[in-house]
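Quick notes on the structure that follows.
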Amino acid sequence: GPFYQLAWTLQNEMLFYTCFAVLILHRRVGQCLFAAWFMLVAFTFGSSWSSPLLHLVATPFNLEFLFGLAAAQIVHAYRVPLPRVIGGLGVLLGLGEGGE
């Protein structure tokens, strides 16, 4: 595990941004990489791993990055109805998760 307990979030972010850089540099390779990553996380959901690297790559927290990519693609491709209402609901949902 990381030296600092909260560093796991940075590890996940660096993994995502590395994959995103691949997507920017080579779209098809990046798309395949994200698809493979999503399938790995989905198929290993609920499993426990002894390998720290596999645990980092397959953690369900990475689904949030992947769903964020999907949301960005939907917003880019389609007109979002009532964007302020949807944004406000997103803020309220985010505030509701802060009590952990």
Side-chain angles (χ1 to χ4, degrees):
F3 176 71
Y4 180 61
Q5 194 62 25
L6 295 177
W8 67 269
T9 61
L10 297 175
Q11 292 172 333
N12 288 77
E13 288 180 48
M14 292 306 298
L15 176 62
F16 171 78
Y17 288 123
T18 300
C19 293
F20 197 76
V22 172
L23 180 68
I24 290 171
L25 295 174
H26 196 283
R27 185 178 185 130
R28 179 66 63 194
V29 173
Q31 288 172 335
C32 291
L33 182 62
F34 275 111
W37 189 16
F38 177 78
M39 286 188 294
L40 176 68
V41 174
F43 288 129
T44 60
F45 191 79
S47 301
S48 60
W49 301 101
S50 58
S51 166
L53 179 61
L54 193 54
H55 179 69
L56 170 68
V57 174
T59 181
F61 288 114
N62 290 329
L63 289 175
E64 294 177 18
F65 291 115
L66 299 171
F67 289 144
L69 282 174
Q73 184 64 33
I74 290 168
V75 168
H76 181 71
Y78 303 101
R79 184 178 177 275
V80 177
L82 304 170
R84 290 187 177 152
V85 172
I86 292 173
L89 287 173
V91 168
L92 289 174
L93 286 172
L95 291 173
E97 289 185 8
E100 209 175 302

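Sequence positions, counted from 1, serve as the residue numbers for this chain.
- Within the structure, side-chain hydrogen bond (donor to acceptor under 3.5 Å, both in side chains) pairs that include any residue of residues 58-67 comprise N12-N62 (at least two apart or interchain).
- Rounded to the nearest 0.5 Å, atoms CZ (F38) and CG (L69) are 11.0 Å apart.
- In this structure, Y17 has no ring-ring contact (aromatic ring centres under 6.0 Å, His included) partners at least two apart in sequence or on a different chain.
- F16 and F34 have their aromatic ring centers within a separation under 6.0 angstrom.
- Qualifying side-chain contact (heavy atoms from CB on, under 4.5 Å) partners for R28, counting only residues two or more places apart in sequence or in other chains: H26, Q31, C32.
- Placement of L63 and L40 within a single hydrophobic cluster is found when ILVMFWY residues are connected by side-chain heavy-atom separations under 4.5 Å, directly or transitively.
- In terms of heavy-atom proximity, A58 sits nearest to T44 at CB-OG1, 3.4 Å.
- Using a 4.5 Å cut-off between side-chain heavy atoms of Ile, Leu, Val, Met, Phe, Trp and Tyr, L10 forms no hydrophobic cluster with any other residue.
- Applying the side-chain hydrogen bond (donor to acceptor under 3.5 Å, both in side chains) definition to pairs two or more places apart or across chains, none involves residues 74-93.
- Hydrophobic cluster membership of I86, counting Ile, Leu, Val, Met, Phe, Trp and Tyr whose side-chain heavy atoms lie under 4.5 Å apart directly or via other members: V75, V80.
- Distance check: L66 CG to F61 CZ gives 14.0 Å after rounding to the nearest 0.5 Å.
- The line from CZ of F65 to CG of L15 is 8.0 Å long, rounded to the nearest 0.5 Å.
- Hydrophobic cluster membership differs between L33 and L56, with clusters built from Ile, Leu, Val, Met, Phe, Trp and Tyr side chains linked at under 4.5 angstrom.
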